[in-house]
Novice: 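Input: one structure, supplied below.
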Amino acid sequence: MTMPLVNEAYLNLIPYVPGKPIAETERELGISGCIKLASNENPLGPSPLAVQAMAEALRNVHDYPDGASYYLKQKLASQLGVASDQLILGNGSNELIEMLVRTCVRPDEHVLLGECTFVAYKLAAQAAGRGVVEVPLTPDLRYDLQRLAQAATAQTKMVFIGNPNNPTGTYVSKKELDAFFDAIAPDVIVVLDEAYLEYVDASDYPNGLNYVKQRERTVVLRTFSKCYGLAGLRVGYGVSDPTLIDYLNRGRLPFNVNSLAQVGALAALDDVEHIERSRRLNSEQRTRLTQELSARGFAVAPSQANFLLVDFKRNGGDLFNALLRRGVIVRPMVGYGLVQSLRITIGTREQNDKLLSSIDKEL
Ligand SMILES: *Cc1c(COP(=O)(O)O)cnc(C)c1O
C-alpha cells in the first residue's frame with residue numbers, strides 16, 4: 001500500500017495521560033484504601049441535588065438528549081448575565097478546546113501558549129495539524145503576559161490563558177490581563193480557561209466575562225468537572241460572541257452532552273451550599289498544606305486552585321512511586337519538564353493527613 005493510513009498530524013501524536021485510577025493502583029499493588037489526589041476532583045463528591053435529579057432522569061435514558069441543551073443554557077445564561085446564544089456546551093471543556101482549534105485555526109496559522117500550561121491546548125493543536133508557539137512562564141511559574149503579547153505575530157490565531165493555570169495553580173491579576181488585552185491584536189482569539197474560578201480567593205482576580213462583553217474574539221471556558229464535582233459526567237461550557245458560538249455549533253456533534261449530564265449540571269447550579277462547602281474546605285486546606293509542605297523545605301507555588309505544584313528537590317518519579325505504594329496517588333510532572341515536582345490535589349482534612357504522613361515516612 002502506498003497510501004498513508006492516517007493523517008500526517010497523527011503520526012507523532014502522544015496521547016493525554018490521565019491521573020492513575022484508584023482501582024488500577026489497588027489491583028497492581030495488591031493494596032486497598034487508596035486515595036487519589038491526582039486529577040483535581042472535588043473530594044466532597046457531587047452535589048446531592050445533582051445525584052437525586054439524575055437518579056430520577058435515569059428512567060428516560062432511552063430518549064436522545066436535548067441536542068440544544070435548552071434548559072441548562074437558559075439557567076447558565078440567567079446566572080451569568082449573558083444571552084443564551086453566547087453559550088456553547090461541551091463534553092467537558094476539553095471538547096471545547098478541541099472545537100475552538102478545529103473551527104478557527106487555519107493551516108497557516110498557529111496557537112500561542114505558555115510553557116507548562118494545560119497540555120490539552122497543545123494536544124488539540126497537534127491533532128488538528130496546527131503549529132504551536134510556546135512562551136516560558138516567569139521564574140515564579142506565572143504566565144508572562146507581556147512576553148506572550150510580544151510573541152504574537154500575524155500568524156497567531158488563538159491564545160490560551162489558564163486562569164488559574166494548571167499545573168502551577170498561579171493566576172494573573174486584572175491589571176496584568178487588562179494590559180495584555182491592550183497589547184494583543186483584536187484579530188487574535190483569546191481563550192480564558194477558568195476551570196478553577198470557584199476556588200479563587202484573590203481580590204484582584206479578573207472575571208473573564210467582563211472581557212467577553214468588550215471584545216468579540218474572546219472566549220471564557222468553564223467546567224462542571226472541578227468544584228461542581230461532576231467530572232465523570234463530562235460537561236463544560238464556553239461563553240463568547242454569538243457569531244463565533246454559531247460557527248462552533250455547526251461542527252459540534254449533535255448530542256455531545258448526554259441527558260444525565262444536562263440534568264445533573266442543571267441541578268448542581270442550584271446547589272449553592274455544596275459549592276460554598278467545597279470552596280471553604282479547599283481554601284482552608286490549601287493554606288494548611290502550603291504551610292505544612294513549605295515548613296518541610298519544599299517549594300510550593302502559590303495556588304488559587306484546588307491543587308499545589310510542589311518542588312520536592314529530588315526525583316519526582318521516585319517519590320510518586322513511593323507514595324503510590326503507600327496508597328496515595330498524586331500526579332508526576334515529567335511530561336511538563338518538571339522532573340522534581342509533583343502536582344497534588346487538595347483533599348479532605350483526613351486525606352491531606354494521610355498525604356503528609358506518607359511524605360514524612362518516605363523522606
Ligand atoms: C480540569 C481542567 C479543565 C476541565 O476539563 P473538563 O474537560 O471540563 O473535565 C479545563 N482546563 C483546565 C486547565 C483544567 O485543569
Side-chain angles (χ1 to χ4, degrees), residues 17-48 50-51 164 166-169 195-196 198-201 223-233 268 271 273-312 314 316-333 341-363:
V17 185
K20 208 170 163 60
I22 288 179
E24 182 183 308
T25 308
E26 294 185 340
R27 198 167 60 233
E28 284 175 7
L29 297 173
I31 56 177
S32 61
C34 270
I35 59 167
K36 184 180 173 205
L37 303 174
S39 298
N40 304 341
E41 292 139 339
N42 186 335
L44 296 181
S47 142
V51 173
N166 175 11
T168 60
Y196 301 97
E198 294 84 2
Y199 291 118
V200 174
D201 285 332
T223 181
F224 288 92
S225 296
K226 305 292 156 60
C227 196
Y228 283 94
L230 301 175
L233 288 182
D271 202 341
E273 200 187 309
H274 183 257
I275 288 291
E276 211 30 64
R277 207 176 328 125
S278 305
R279 200 200 315 253
R280 215 172 322 120
L281 170 73
N282 185 70
S283 180
E284 217 174 80
Q285 293 296 312
R286 182 170 64 200
T287 304
R288 171 192 175 215
L289 267 189
T290 303
Q291 281 169 355
E292 290 281 354
L293 291 166
S294 304
R296 287 162 172 79
F298 311 132
V300 185
S303 173
Q304 285 289 305
N306 67 340
F307 56 86
L308 299 176
L309 181 67
V310 187
D311 181 350
F312 285 94
R314 57 177 47 70
D318 292 345
L319 181 56
F320 166 75
N321 283 315
L323 291 176
L324 213 54
R325 287 190 294 273
R326 294 187 179 277
V328 181
I329 312 170
V330 296
R331 199 67 164 264
M333 288 286 111
S341 296
L342 296 173
R343 196 194 67 194
I344 301 171
T345 302
I346 294 156
T348 59
R349 162 168 285 281
E350 295 71 30
Q351 289 176 329
N352 299 334
D353 287 344
K354 176 164 174 156
L355 167 81
L356 289 170
S357 70
S358 302
I359 291 172
D360 289 341
K361 283 177 206 147
E362 277 310 319
L363 304 180

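None of the values given here were measured: they were computed from a predicted structure. Values reported hereafter were calculated over all heavy atoms of this structure, with side chains retained and with hydrogens, waters and symmetry mates removed.
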Novice: Checking Arg286 side chain against Ala305 main chain: does a donor-acceptor pair fall under 3.5 Å?
Specialist: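 Yes; at least one donor-acceptor contact below 3.5 Å.
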Novice: Run the side chain to side chain contact (heavy atoms under 4.5 Å, CB included) check on Leu363 and Arg296 step by step: do they pass?
Specialist: CA-CA 10 Å; Leu363 304 180; Arg296 287 162 172 79; over 6 Å; no
Novice: Calculate, to the nearest 0.5 Å, the distance between atoms OH and OG belonging to Tyr199 and Ser278 respectively.
Specialist: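 So the OH of Tyr199 and the OG of Ser278 are separated by 5.5 Å.
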Novice: From the options Asn166, Thr168, Leu308, select the one residue that forms a side chain to side chain contact (heavy atoms under 4.5 Å, CB included) with Arg343.
Specialist: Asn166
Novice: With the side chain counted from C-beta on, respond yes when Val330 and Leu355 share a heavy-atom pair under 4.5 Å apart, and no when they do not.
Specialist: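 Yes, at least one pair of side-chain atoms sits under 4.5 Å.
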Novice: To the nearest 0.5 angstrom, please state how far the CG atom of Leu323 sits from the CG atom of Asp318.
Specialist: 11.0 Å
Novice: I'd like to know if the side chain of Glu41 and the backbone of Ser225 have a donor-acceptor N/O pair within less than 3.5 Å.
Specialist: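 Not confirmed, Glu41 side chain does not pair with Ser225 backbone.
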Novice: If I compare all heavy atoms of Met333 with all of Pro167, which pair ends up nearest, and what's the gap?
Specialist: SD-CB, 3.7 Å
Novice: Give a yes or no on this: more than 12 heavy atoms of other residues, nucleotides or ligands lie within 6.0 Å of atom CD of Glu24.
Specialist: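 Count over threshold, so yes.
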Novice: What is the minimum heavy-atom distance between Leu324 and Ile31, and which atoms define it?
Specialist: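 Result for this residue pair: O-CD1, 3.7 Å.
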Novice: At what distance, to the nearest 0.5 angstrom, does CG of Leu293 lie from CZ of Phe312?
Specialist: 5.5 Å
Novice: Measure the spacing between SG of Cys227 and NE2 of His274 and express it to the nearest 0.5 Å.
Specialist: 8.0 Å
Novice: Using the salt bridge (Lys or Arg N to Asp or Glu O under 4.0 Å) rule, take Glu350 and Lys354 through it: C-alpha gap first, then chi angles, then the decisive distance, then the call.
Specialist: CA-CA 6 Å; Glu350 295 71 30; Lys354 176 164 174 156; over 6 Å; no
Novice: Ignoring hydrogens and angles, tell me if any N or O in the side chain of Ser294 forms a donor-acceptor pair with the backbone of Thr290 under 3.5 Å.
Specialist: yes
Novice: Quick one: closest heavy-atom pair of Pro48 and Asp271, and the distance?
Specialist: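 Shortest heavy-atom contact: CD-OD2, 3.5 Å.
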Novice: Begin with the C-alpha distance, continue with both residues' side-chain angles, and end with the deciding distance and a verdict on side chain to side chain contact (heavy atoms under 4.5 Å, CB included) for Arg349 and Arg288.
Specialist: CA-CA 9 Å; Arg349 162 168 285 281; Arg288 171 192 175 215; 3.8 Å; yes
Novice: Roughly how far, to the nearest 0.5 Å, is the CD atom of Gln351 from the CD atom of Gln285?
Specialist: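 If I round to the nearest 0.5 Å, the distance is 9.5 Å.
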Novice: Quick one: does any side-chain atom of Asn306 pair with a main-chain N or O of Ile346 as donor and acceptor, under 3.5 Å?
Specialist: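 No; judged by distance alone, with no hydrogens or angles, the pair does not exist.
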Novice: About how many Å separate CG of Asp311 and CZ of Phe298, when rounded to the nearest 0.5 Å?
Specialist: 10.0 Å
Novice: If you define the side chain from C-beta out and look only at heavy atoms, does anything of Val310 sit under 4.5 Å from Leu342?
Specialist: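 A side-chain contact is absent here, since even the closest heavy-atom pair is not under 4.5 Å.
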Novice: How far apart are the closest heavy atoms of Asn42 and Gly229, and which atoms are they?
Specialist: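 In this case the closest contact between Asn42 and Gly229 is CB-CA, 3.7 Å.
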Novice: Should the pair Arg277-Glu273 be classified as a salt bridge under the 4.0 Å nitrogen-to-oxygen rule?
Specialist: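 Salt bridge flag = yes for Glu273 with Arg277.
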Novice: Is it the case that the side chain of Asn352 and the backbone of Gly347 share a donor-acceptor pair, with hydrogens and angles ignored and the cut-off at 3.5 Å?
Specialist: yes
Novice: Is a side-chain donor or acceptor of Glu26 paired with a backbone partner of Gly33 at a separation under 3.5 angstrom?
Specialist: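 Yes, because the side chain of Glu26 sits within donor-acceptor range (under 3.5 Å) of the backbone of Gly33.
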